[in-house]
Amino acid sequence: MDAELLRRSPLDSLHRELGARCLPFAGWEMPIQYAGIMEEHRAVREAVGIFDISHMGELVASGPEVLPWLDRVLSNRASALAVGEGQYSLLLNEEGGIIDDLIVYRLSEEEVLLVVNASMEAEDFRWLSLQATTGVRLENRSALYAGMAVQGPRASALYEKTTGCQLPSRLGARAEESGVVCRTGYTGEDGFEWFCPVGEGAAWFERFLDKGKSLGIQPCGLGARDSLRLEVCYPLNGSDLSLERTPLEAGLGWAVSWEKGHFIGRERLAEQKALGPPERLVALRMTGKSPPPRSGYEVFSGEVRVGTLTSGTLSPSLGVGIAMAYLPTLEAKVGRPFEIEIRGRRFPAEVVKKPFYHRES
């Protein structure tokens, strides 16, 4: 995409002052790294890191029928949420393909915040608008919010030190005078996400950095966010998730609520559930020394190509190559050996149980 057409975060000037390296991502120019991916990754695993997530989309649905409506248009059961609770869910098409994965936060009796992927903001809003019904109002407030994710074992201490308040419970959300705080993240560590008016974003980012100095805080880019999420096997929409894949193939059946009744894509998923998905997304770990596995590399069983990596990297925490790929269900058993072709050579790997990395507590 032409650099002039890229959207820029409201924190863009601050990132450049901090020495960030910025590159195109999902139609935005965003920080990829500051001090380096390895250092930033370790900061999140061992202390605390802060990411700009202003590129994420924020859609607000409200009205007396908002929860029954969400039950029909999303895979999970939004009506099960109490005020202040959050939930991972999927936006599906009629064939059960994944349009997007998102988080639903119930902010009040009749208002819900949907945080969606940057690349899918416009499509999600379009699709949901097509499903609009009486008693529901849908707004795209993405341009009004700046967002940041503070992640790591010291994130809770930083929030309390900065605001004087405690975080909501796990997967919870709370609307405050200055913004919305959500006890969620994309790293596998404890932490929170903070959404505030766009004009206040840079000040909040600097405030967290200042208060976090004694806690070892590190500004982090999307490079570390990718390696962190892959270590815990969190899927990336557009890579691990797509319209061609269903939640059952992606290992996200736990985010499908069957007891709520009809929802978009249910019929196709019910057929696949009865027969079993032909392929499923598995975790692959390199078993010997090799170059880092990357998205697009092919997976072989003997001389037969059986799949293609959807994500891959060198794990900073484990020191080995890790990846995910859709493989035939009958072959995708833990311990099953495969080979990954990297630059014309094949290197051994095996299927392992998800996730690759477990935090201690």
Side-chain angles (χ1 to χ4, degrees), residues 21 23-26 30 32-33 36-45 49 51 98 101 117 119 186-189 220-242 244-245 249-252 277-359:
R21 180 189 177 200
L23 291 173
F25 177 81
M30 295 294 293
I32 299 301
Q33 63 182 55
I37 292 174
M38 295 288 283
E39 182 176 334
E40 294 163 26
H41 183 109
R42 292 195 182 100
V44 174
R45 289 282 182 247
F51 302 81
I98 300 170
D101 63 334
N117 283 294
S119 61
Y186 194 47
T187 66
E189 296 295 335
C220 301
L222 297 182
R225 197 164 183 250
D226 191 57
S227 59
L228 288 158
R229 69 93 190 168
L230 184 50
E231 285 188 343
V232 290
C233 293
Y234 289 171
L236 175 64
N237 194 62
S239 296
D240 309 302
L241 308 179
S242 70
E244 288 70 44
R245 298 295 181 179
E249 292 170 328
L252 299 174
E279 294 185 331
R280 62 186 182 92
L281 186 64
V282 302
L284 289 163
R285 177 171 173 152
M286 308 304 293
T287 55
K289 189 174 181 180
S290 73
R294 302 293 185 196
S295 173
Y297 290 174
E298 295 184 332
V299 184
F300 286 83
S301 176
E303 293 305 311
V304 179
R305 189 190 72 80
V306 292
T308 304
L309 299 188
T310 55
S311 290
T313 193
L314 175 66
S315 165
S317 300
L318 307 175
V320 298
I322 58 174
M324 291 198 292
Y326 285 93
L327 297 180
T329 300
L330 294 178
E331 298 187 48
K333 309 295 184 184
V334 171
R336 177 78 158 79
F338 291 94
E339 289 184 315
I340 297 174
E341 187 167 281
I342 305 176
R343 302 172 195 159
R345 296 177 57 196
R346 293 184 189 174
F347 296 86
E350 68 175 3
V351 177
V352 297
K353 187 177 180 180
K354 298 177 184 177
F356 298 104
Y357 170 87
H358 297 266
R359 65 187 176 99

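The analysis underlying the following values was restricted to heavy atoms, covering all of them including side chains, and did not include hydrogens, waters or symmetry mates.
His41 pairs with exactly one of Thr187, Leu228, Asp226 by the side-chain contact (heavy atoms from CB on, under 4.5 Å) rule, that one being Leu228. The residue from Ser311, Ser317, Pro316 that alone fulfils the side-chain contact (heavy atoms from CB on, under 4.5 Å) condition with Ser227 is Pro316.
Looking at heavy atoms from C-beta onward, Leu281 lies in side-chain contact with Lys354 at the 4.5 angstrom threshold. Side chains of Arg229 and Asp240 form a contact here, defined as non-hydrogen atoms less than 4.5 Å apart. With contacts defined as side-chain heavy-atom distances shorter than 4.5 Å, the pair Phe338/Leu327 qualifies. A 4.5 Å side-chain heavy-atom check between Leu284 and Leu309 finds at least one atom pair inside the cut-off. The closest side-chain heavy-atom distance from Leu252 to Asp101 is not below 4.5 Å. Side-chain atoms of Met324 and Tyr234, non-hydrogen and from C-beta on, never get closer than 4.5 Å to each other.
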Determine, stepwise, if the pair Glu244 / Glu249 fulfils side-chain contact (heavy atoms from CB on, under 4.5 Å).
-> CA-CA 10 Å; Glu244 288 70 44; Glu249 292 170 328; over 6 Å; no
Take Leu236 and Tyr186, measure what side-chain contact (heavy atoms from CB on, under 4.5 Å) needs, and give me the verdict at the end.
-> CA-CA 10 Å; Leu236 175 64; Tyr186 194 47; 3.7 Å; yes
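No donor-acceptor distance shorter than 3.5 angstrom exists from the side chain of Ser315 to the backbone of Val320, with no hydrogens or angles considered.
Between the side chains of Ser301 and Arg336, at least one donor-acceptor pair of N or O atoms lies under 3.5 Å. A donor and an acceptor atom, one from each side chain of Glu350 and Thr287, are nowhere located under 3.5 Å apart.
Taking both residues in full, the closest heavy atoms of Cys220 and Val44 are given as SG-CG2, 3.9 Å, listed atom of the first, atom of the second, then distance.
A search for salt bridge (Lys or Arg N to Asp or Glu O under 4.0 Å) contacts involving Glu40 returns nothing, not counting sequence neighbours. Remark: Glu341 pairs with Arg346 by the salt bridge (Lys or Arg N to Asp or Glu O under 4.0 Å) rule, at least two apart or across chains.
Separation of atoms CZ (Arg280) and CG (Leu330) is listed at 10.0 Å; rounding is to 0.5 Å. Distance CZ/Arg343 to OG/Ser290: 9.5 Å, rounded to 0.5 Å. Rounded to the nearest 0.5 angstrom, Phe347 CZ and Ile342 CD1 are separated by 5.5 Å.
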